Amino acid sequence: MNINKSILLALFLSAVLTACNDSDTVSAPMPESAAATEVAATSDTVEAKADKDVGVDYYGLSQDLQRHSSLTQINDSNVQQLKPAWVLSLGDNRGQQSQPLVIDGVMYMTTHNATFAINAKTGRQIWKSKIEYPADTVTCCGITNRGATWHEGVLYRVTLDNHILAINPVNGDVIWDVTAVDAKLGYSMTSAPLVANGIMITGVAGGEFGVRGFLDGWNPKTGEHLWRFYTVAGPGEPGGDTWQGEDWRRGGGPTWLIGSYDKELDIVYWGVGNAAPWNSLLHPGDNLYTDSVIAIKPKTGELIWHYQFTPNDAFDFDGVNDPILADIEIDGKPRKILMQANRNGYFYVLDRTNGELLEANQFVDKVTWADGIDMQTGRPIVAERVINMFKTGEKTELWPSALGGKNLAAMSYSPTTGLAYANTINVGWNYTPKEQEYKPGVFYIGMAFEWVFAKDEPRGYLRAIDPLTGKAKWEFPTDVPMNGGTLVTDGNLVFSGAQTGELYAFNAISGEKLWEFRTGSGIIAPPVTYQIDGKQYIAVTSGIGGVYNHLSGDVTLKNINPGGSVWVFELGTGNNTSTIHADPIKPIMAAVASTDTKDDEAAWSATVKKGAELYEQTCSHCHGVKMVTSGTTYDLRSFPKDDKARFISSVADGKGSMPAWGDKLSAEEISHIYDYVVH
Ligand code: CA
């Protein structure tokens with residue numbers, strides 16, 4: 001496509017729209033004569049669009065997951081006037097990763113334990129329905145839900161204990177409720193279902209608990225189970241020979257983020273997560289279809305093709321990141337492509353009709369686990385230091401870490417600018433391979449790790465990436481990586497929220513920061529936009545939590561309080577009506593340095609050593625690696641040294657938001673953990 005022409009057109013369309021609005025304080029730039037003719041020729045459609053209600057019908061905005069909106073009323077010339085329209089508390093202190101849907105003027109929202117219908121113009125709650133969970137409900141990386149699905153007048157969502165609910169959008173009543181799989185085996189469900197060709201498809205989480213991943217197909221009318229595709233191939237199945245012995249039974253391959261759908265080709269594309277456990281010595285072979293993207297027929301679950309990003313994954317490089325679909329020109333030819341910024345640090349472009357690898361380029365500064373991607377075989381060239389680490393068992397620094405070059409934060413792609421907008425992460429880790437016995441429902445990773453934060457370097461960047469080169473056209477560095485996702489609009493704007501609470505707007509072409517507003521907590525969810533009665537809104541969920549907050553121990557987040565809410569913004573009148581301006585947060589380097597353990601681990605008693613091992617398997621994913629927490633979960637380093645009885649009962653039976661571990665840990669094991677905590 002002719003990108004420059006499209007950008008020009010979009011800019012002038014936005015100028016015209018601004019001029020048509022009643023925001024009289026903005027002076028729209030005068031179009032030049034040639035472009036003015038072009039605009040005049042399309043003015044009918046422009047006006048029609050300005051009046052039309054535009055909802056948020058899908059997770060990802062559309063099923064290609066582009067998170068691109070053609071709305072232009074809010075644009076690069078007036079975004080400084082953006083101000084809060086309303087805010088609604090969700091009454092939940094867990095991490096909020098939910099993306100709102102907006103259907104016929106009603107916003108549908110989820111938290112892990114409630115579903116909401118809200119008037120999208122006024123913010124008044126219409127109904128709320130609650131979900132109760134068993135006390136021992138556990139997930140790897142934060143108790144969460146990422147949003148609902150709308151299909152033919154019914155709302156659908158999943159629950160952490162693997163129920164799928166069909167909900168009456170009028171009153172929140174459950175129409176049907178089916179269970180996909182037993183939560184005690186380590187499975188959970190966190191992401192919106194996908195409906196493709198009349199079939200509802202759901203995935204599962206649990207890659208850190210040694211599950212065997214799968215996708216399920218359902219009849220959305222009745223909840224009838226139609227098919228299951230196991231993402232870990234069993235003996236005798238195609239790909240089954242990429243596993244040894246019984247490894248496939250607990251091989252991982254979770255499917256915890258929603259896929260994309262090409263209606264014309266009738267193919268669903270879904271990313272598959274890590275092989276389990278992380279230590280790859282414990283699962284020799286390529287381990288299909290872990291860390292792959294799979295292309296399947298929605299009616300049957302039949303596999304059409306697959307591409308594996310990271311064979312025999314040792315690094316938790318889940319391949320689940322959003323597989324965005326776009327039609328672009330490569331070497332003068334139009335191509336139907338799928339693009340993904342993978343956890344492993346490479347930006348992939350595939351031909352989505354057949355899985356052919358077209359490009360694989362580094363999109364983060366440091367990739368040390370591999371020396372590149374072999375374009376003939378499509379396989380990574382594993383670095384010498386990794387081969388040596390597994391030979392010697394020695395602690396080795398590697399980049400990126402399990403957090404990935406990019407994590408779950410939803411990327412957006414604009415066909416207008418030709419750029420992909422991604423929250424990237426600049427954090428490494430020290431990796432030590434370990435032996436570990438599998439135990440149902442317990443963290444199963446087979447290694448020990450600590451994070452590596454580079455001194456005096458930003459820990460993340462919002463980057464505008466050329467999909468064909470992986471190179472950033474512009475970047476916005478942050479002290480704490482943004483991990484919520486992006487939205488791009490034809491108002492030439494990119495929106496993205498920070499874990500420190502700010503929602504930002506940038507010029508999509510130049511990267512200039514145009515506006516910011518600090519919400520009440522940290523943002524780990526993707527923004528959306530919609531239009532009702534001729535007025536455009538921007539919405540985002542705020543509420544700190546999730547994988548980075550729980551696992552990183554990043555003390556820069558110490559003063560960010562939990563508390564879920566939906567924030568909605570509209571254009572005000574007058575200049576620069578955003579009344580709250582964020583101070584840049586400086587990294588607290590001294591404090592970070594002080595989190596380095598000064599413990600002499602060699603001098604620990606046997607029970608403290610055992611306790612440390614159990615702690616990392618069962619407690620670290622909420623209370624932080626080595627008990628270093630970023631502040632929103634209980635800091636165990638402050639647990640009173642003389643209250644062993646309270647410790648043991650809290651762990652065994654659960655307490656407040658803490659799940660019960662009595663079924664998974666013996667009294668002796670809990671005692672070892674106590675000895676480690678107070679040592
Ligand atoms: Ca994982």
Side-chain angles (χ1 to χ4, degrees), residues 136 138-141 184-188 205-213 232 243-254 273-285 287 290-291 310 312-318 369 386 389-396 398 401-403 429-451 547 550-551 597 601-602 604-627 651 659 661 663-666 668-677:
D136 58 353
V138 175
T139 65
C140 103
C141 308
K184 289 209 169 15
L185 299 172
Y187 292 97
S188 54
E208 280 60 58
F209 296 93
V211 302
R212 184 187 181 204
V232 173
W243 294 90
Q244 288 187 15
E246 301 292 298
D247 293 351
W248 61 277
R249 291 188 187 278
R250 46 180 183 278
N274 63 284
W278 293 354
N279 179 351
S280 57
L281 288 178
L282 305 180
H283 50 84
N287 312 133
T290 64
D291 296 276
T310 317
N312 191 228
D313 174 23
F315 310 111
D316 190 30
F317 286 156
D318 291 70
W369 73 277
V386 171
M389 174 180 80
F390 283 115
K391 237 183 244 167
T392 63
E394 274 170 20
K395 176 155 92 174
T396 303
L398 294 167
S401 68
L403 293 169
W429 62 346
N430 285 320
Y431 190 116
T432 314
K434 300 262 189 207
E435 287 291 331
Q436 189 185 345
E437 289 283 313
Y438 167 75
K439 213 172 168 184
V442 172
F443 218 46
Y444 179 54
I445 58 176
M447 51 86 73
F449 68 93
E450 55 209 11
W451 304 113
V547 60
H550 288 317
L551 278 174
T597 174
E601 297 185 17
W604 288 354
S605 70
T607 172
V608 170
K609 274 183 193 155
K610 184 70 199 156
E613 199 175 288
L614 289 163
Y615 173 89
E616 296 302 335
Q617 290 164 12
T618 51
C619 318
S620 66
H621 33 299
C622 283
H623 293 282
V625 176
K626 300 191 175 186
M627 293 187 280
V651 175
W661 286 90
D663 286 351
K664 296 179 184 118
L665 293 169
S666 68
E668 192 191 16
E669 286 174 322
I670 299 173
S671 172
H672 290 322
I673 296 173
Y674 172 79
D675 290 342
Y676 167 65
V677 165

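Quick caveat, the model's predicted, so the values are computed rather than measured.
Of all the heavy atoms in Asp247 and Pro284, the pair that sits closest is OD2-CD, 3.6 Å. Smallest separation of non-hydrogen atoms from Tyr431 and Ala314: OH-O, 2.6 Å. Between Pro277 and Gly446, the shortest heavy-atom distance links the atoms CB-N, 4.0 Å. Across all non-hydrogen atoms, the minimal contact from Ala612 to Trp604 is CB-CZ3, 3.5 Å. When all heavy atoms of Pro433 and Gly393 are compared, the closest pair comes out as CD-O, 3.9 Å. Shortest non-hydrogen contact noted between Tyr438 and Gly210 is CE1-O, 3.9 Å.
Separation of atoms CE (Met389) and CE (Met447) is listed at 7.5 Å; rounding is to 0.5 Å. The distance from the NZ atom of Lys434 to the CG atom of Leu281 is 13.5 Å, given to the nearest 0.5 Å. To the nearest 0.5 Å, atom NE2 of residue His623 and atom CG of residue Leu551 are 12.0 Å apart. Between the SG atom in Cys619 and the CD1 atom in Ile673 there is a gap of 4.5 Å [rounded to 0.5 Å]. With rounding to the nearest 0.5 angstrom, the CG atom of Leu282 is 8.5 Å from the CD atom of Gln436. To the nearest 0.5 angstrom, Ile445 atom CD1 is 8.5 Å from Asp316 atom CG.
In this structure the side chain of Thr290 reaches within 4.5 angstrom of the side chain of Val232, judged on heavy atoms. Within the 4.5 Å cutoff, no side-chain heavy atoms of Asp313 are placed close to those of Asn287. The shortest distance between side-chain heavy atoms of Asn274 and Glu208 falls below 4.5 Å. The side-chain heavy atoms of Tyr444 and Phe209, taken from C-beta on, include no pair separated by under 4.5 Å. A heavy-atom distance below 4.5 Å is found between the side chains of Val547 and Leu403. Under the 4.5 Å side-chain criterion, counting only non-hydrogen atoms from C-beta, Tyr676 is not in contact with Glu613.
Counted within 6.0 Å of NZ on Lys184, heavy atoms from surrounding residues, nucleotides or ligands total 12 or fewer; the atom is thus considered open.
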Exercise. Verify side-chain contact (heavy atoms from CB on, under 4.5 Å) between Lys626 and Phe449, making sure each step is shown before the conclusion.
Key: CA-CA 9 Å; Lys626 300 191 175 186; Phe449 68 93; over 6 Å; no
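Under a 3.5 Å cut-off, the side chain of Thr432 and the backbone N or O of Asn430 do not form any donor-acceptor pair.
Just one residue in the list Val608, Val677, Leu614 forms a side chain to side chain contact (heavy atoms under 4.5 Å, CB included) with His672, and that residue is Leu614.
Under the 30°/60° scheme for interplanar angles, the aromatic rings of Trp243 and His283 are found to be tilted. Taking the six-membered ring where the residue is Trp, Phe315 and Trp369 present tilted rings, their angle falling between 30° and 60°.
Under the 4.0 Å criterion applied to side-chain N and carboxylate O atoms, Glu668 and Lys610 are not assigned as salt-bridge partners.
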